[in-house]
Student: 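Let me begin by handing over the structure; questions about it come next.
Chain A is the first sequence line, chain B the second, and so forth, proteins listed ahead of strands; every chain is numbered from 1. Please read these numbers as outputs of a predicted model, since none were measured by experiment.
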Amino acid sequence: MPQEQQKSVISEKYPDILVVEKKEQEHRLHDLKNVNGPVVMRMAPSPSGPLHLGHSRMAILNDEYVKRYGGRLILRIEDTNPQNIDPAAYGMIPKDLEWLGVNTTDIVIQSDRFDLYYTRAKELIRMGVAYLCSCDVNVFKDLLMKGEACPHRGLSPEANLERFQLAIDGKSTEKSPVLVIKTDIKHPNPSVRDWIAFRKISGSHPRTGTKYSFYPMMNFSVAIDDHELGLTHVIRGSDHISNTEKQKYLFRYFGWKIPEYFHYGTISIPDSILKTSIVKKGILDGTYSGWDDVRLQTIGALKRRGYQPETFRRYWIESGLREVNAEFSWDIFNSINRQIIDANADRFFFVSNPISVKISGSPAILARIPRYQGKPERGFREYRIAADSNVYISKDDLMNIKDGEKIRLKDLYNVIYRNGSFTYSETEPSREKIKIIHWCPPESSAFTVEGPDGSLDEGLLEPLAHEITGIFQFERYGFINKTSSARGIYIHN
RNA sequence: GCUCCGAUGGUGUAGUCCGGUCAAGCAUAUCGGCCUUUCGAGCCGACGACCCGGGUCCAAAUCCCGGUCGGAGCACCA
């Protein structure tokens, strides 16, 4: 029966079921699979620097799910590579999370747990699923590409255990020893074939000094900890898909319950500098003033710019966690932030590129400008403007005024521009649609706006705004985080 | 090259698992209107999308196959 016919039959016989309430399509994150009771989730940054915009995604998504289902959110600091650690990051990361409103219930630092990793590694060696290899790196790689075992793969657990003990005691005489996890030497994905679990790194670790020199690789310590900490759900980027496959081997060898994994697509963030190594280099050579330089997208920099924690949360919830890669949208991010800050941002006049113009024939007048259009209870900015006074307007506006054109100085009076000079027209707003521009009184003082690209815009700011700081809107200019009497940072329009 | 993943308007997404309420929702952007005066906010309106081809089915954005395009990873970073 065609659908039309079905419908007519239904409407005759069973009219009730046609009344379907259109339900609101709520914008929320999809549910996680296999949730039975409270969840245990984690975020696992490496302490190479402070958190940035990209990190905020994983932090907030994890936080959202733990809030939804109840449970624990573990901050696990992954500092198993001493060559990639900034000691200051141990303190900066929790601060960034706190500012973002991410509620972590536990903090685990992997460098506290090296003995645990050694213990688990020995168990694997005894099971015969891990071996110590001291082949040359290139030889080892070549064999794997061909799907062939290296000579060490067949050694007995006892021999491997002994050699591993020497390696962790730092007494191994073998050249570049590594502990390898056996998987499938012919696995279709070459990267999953026998993977490295530990390698030797000389030098000092910021937290453990020279006590250890045989360090676990991320795939090893992550798998061990995900089990030991009782993780139920792991959400992370699609760049970890093949890592997940590697880590599952450990779960199977130990007979552990495998957590529910979900890999979300990578978000590329345009116009951003996120790589910690590049930022760090820039800070050292003086390109950037610090981790919170306005040109960067660290949490600290965005906070200093004037972005609100709630903006991050709303943005990441709205963009969801699909498996497809996507591009971050500054337009939407800014729009969300604007909605949040607008209501509390008083309005002021800032004239960029100022030029003083005389208004001939103007009366003495008290200008009364609302701090927030439409909300008189918020108060007014009042300025006594003398007769025949000069005011400042932006040169950019001046260039756009045609000869003979009438324009309004906002909340002041109308003027006519003719032959290069202004003449007072009337105070009452005219009914006709005319261009409205902003202005500054003669006693305004210098103010500099720092742009997100590091550029500086010099201009004049009206007197009543001098002494206050915070987030304001400079009319017809944009939202500004005013940090001192003479300086502010541009947030967005 | 190999392994895996994905494809909804300019952008970001909802819906896809369990085909029909989807002639496809929301946000953002753009354009227009309203608002005793911002290029802001708010309200109203317009614009605009299911990658292509085949199949299954009464019915496909949704299931199956092929193609195209895009992405992630590829071994001693995390």
Student: Rounding to the closest angstrom, what is the interatomic distance between rU16(B) and rG73(B) at atom P?
Tutor: 29 Å
Student: Got a salt bridge between D342(A) and R347(A), using NZ or NE/NH1/NH2 to carboxylate O under 4.0 Å?
Tutor: yes
Student: Check this for me: does the side-chain of Q473(A) come within 3.5 Å of the base of rU38(B) through a donor and an acceptor?
Tutor: yes
Student: Please evaluate the base of rG40(B) for a donor-acceptor partner in the side chain of R347(A) within a cut-off of under 3.5 Å?
Tutor: yes
Student: Nearest of rU37(B), rC76(B), rA27(B) to any side-chain atom of D411(A)?
Tutor: rU37(B)
Student: With the side chain of Q339(A) defined as its heavy atoms from C-beta on, choose the nearest nucleotide among rU28(B), rU13(B), rA78(B).
Tutor: rU28(B)
Student: From the list rA78(B), rU38(B), rG12(B), which nucleotide is the closest neighbour of the side chain of N81(A)?
Tutor: rA78(B)
Student: Taking atom P in both rA23(B) and rG42(B), what distance in whole Å separates the two?
Tutor: 31 Å
Student: Checking contacts here: which listed nucleotide (rU38(B), rC39(B), rU11(B)) is nearest the side-chain heavy atoms of I332(A)?
Tutor: rU11(B)
Student: rU11(B) C1' sits how many Å from I269(A) CD1, rounded?
Tutor: 15 Å
Student: Using a cut-off of less than 4.0 Å, is there contact between a side-chain N or O of R338(A) and OP1 or OP2 of rA29(B)?
Tutor: yes
Student: Taking the C1' atom in each of rU8(B) and rC22(B), what is the distance between them to the nearest angstrom?
Tutor: 12 Å
Student: State which residue, out of Y117(A), Y131(A), F198(A), fulfils the ring pair (Phe, Tyr, Trp, His ring centres under 6.0 Å) condition with F164(A).
Tutor: F198(A)
Student: For Y477(A) and N493(A), does a side-chain donor sit closer than 3.5 Å to a side-chain acceptor?
Tutor: no
Student: Using the C1' atoms only, state how far rC74(B) lies from rA60(B), rounded to an integer number of Å.
Tutor: 37 Å
Student: Can you tell me which nucleotide in rC39(B), rU38(B), rU37(B) comes closest to the side chain of R408(A)?
Tutor: rU37(B)
Student: Is the phosphate of rU3(B) approached by R193(A) (side-chain N or O, under 4.0 Å from OP1 or OP2)?
Tutor: no
Student: Check E78(A) with R113(A), please: is the shortest side-chain N to carboxylate O separation under 4.0 Å?
Tutor: no
Student: Give a yes/no on whether any side-chain N or O of R236(A) is located under 4.0 angstrom from OP1 or OP2 of rA78(B).
Tutor: no
Student: Using atom P in both nucleotides, what's the gap between rC52(B) and rA78(B) to the nearest angstrom?
Tutor: 43 Å
Student: Phosphate oxygens OP1/OP2 of rG40(B): is one of them under 4.0 Å from a side-chain N or O of R476(A)?
Tutor: no
Student: Any chance the rings of F262(A) and H30(A) have centres within less than 6.0 Å?
Tutor: yes
Student: With RNA chain B as reference, determine whether P429(A) or R57(A) sits nearer its 5' end, using the nearest nucleotide of each.
Tutor: R57(A)
Student: Tell me the interatomic distance from F479(A), atom CZ, to rA41(B), atom P, rounded to whole angstroms.
Tutor: 7 Å
Student: Taking only side-chain nitrogens and oxygens of S238(A), does any of them come within less than 4.0 Å of OP1 or OP2 of rC4(B)?
Tutor: no
Student: Between rU13(B), rA78(B), rC2(B), which one does the side chain of P190(A) approach most closely?
Tutor: rC2(B)
Student: Please map the stems of RNA chain B, keeping only stretches of three or more Watson-Crick or G-U wobble pairs with both distances under 3.5 angstrom.
Tutor: B:1-7 with B:68-74, B:10-13 with B:25-28, B:30-34 with B:42-46, B:51-55 with B:63-67
Student: Between rC17(B) and rG33(B), how far apart are the two C1' atoms, rounded to whole Å?
Tutor: 44 Å
Student: In whole Å, what is the span from the CG atom of L321(A) to the P atom of rU13(B)?
Tutor: 11 Å
Student: rG12(B) P sits how many Å from I317(A) CD1, rounded?
Tutor: 19 Å
Student: If you assign E323(A) and Q110(A) each to the RNA chain B nucleotide with the nearest heavy atom, which residue ends up on the more 5' nucleotide?
Tutor: E323(A)
Student: For a quick test of reading the model: is some side-chain N or O of Q373(A) closer than 4.0 Å to OP1 or OP2 of rG42(B)?
Tutor: no
Student: Taking only the side-chain nitrogens and oxygens of K141(A), find out if one of them lies under 4.0 Å from OP1 or OP2 of rC76(B).
Tutor: yes
Student: I'd like the C1' distance from rU30(B) over to rG66(B), given in whole Å.
Tutor: 39 Å
Student: Closest to the Y372(A) side chain: rG40(B), rC76(B), rG73(B)?
Tutor: rG40(B)
Student: Name the one of F220(A), F214(A), Y212(A) that satisfies ring pair (Phe, Tyr, Trp, His ring centres under 6.0 Å) with F114(A)?
Tutor: Y212(A)
Student: Look at R207(A) together with D112(A) and state whether they make a salt bridge at an N to O cut-off of under 4.0 Å.
Tutor: yes
Student: Will you find, in the side chains of Y413(A) and E426(A), an N or O donor that is under 3.5 Å from an N or O acceptor?
Tutor: no
Student: Donor-acceptor pairs are to be reported for all side-chain atoms of residues 80-94 of chain A against protein atoms at under 3.5 Å, with residues two or more places apart or in another chain.
Tutor:
from   : atom 1 : to     : atom 2 : distance (Å)
N81(A) : OD1    : Q83(A) : N      : 3.0
D86(A) : OD1    : A88(A) : N      : 3.0
Y90(A) : OH     : D79(A) : OD2    : 2.6

Student: Which whole number of Å gives the distance between the P atom of rA61(B) and that of rG20(B)?
Tutor: 10 Å
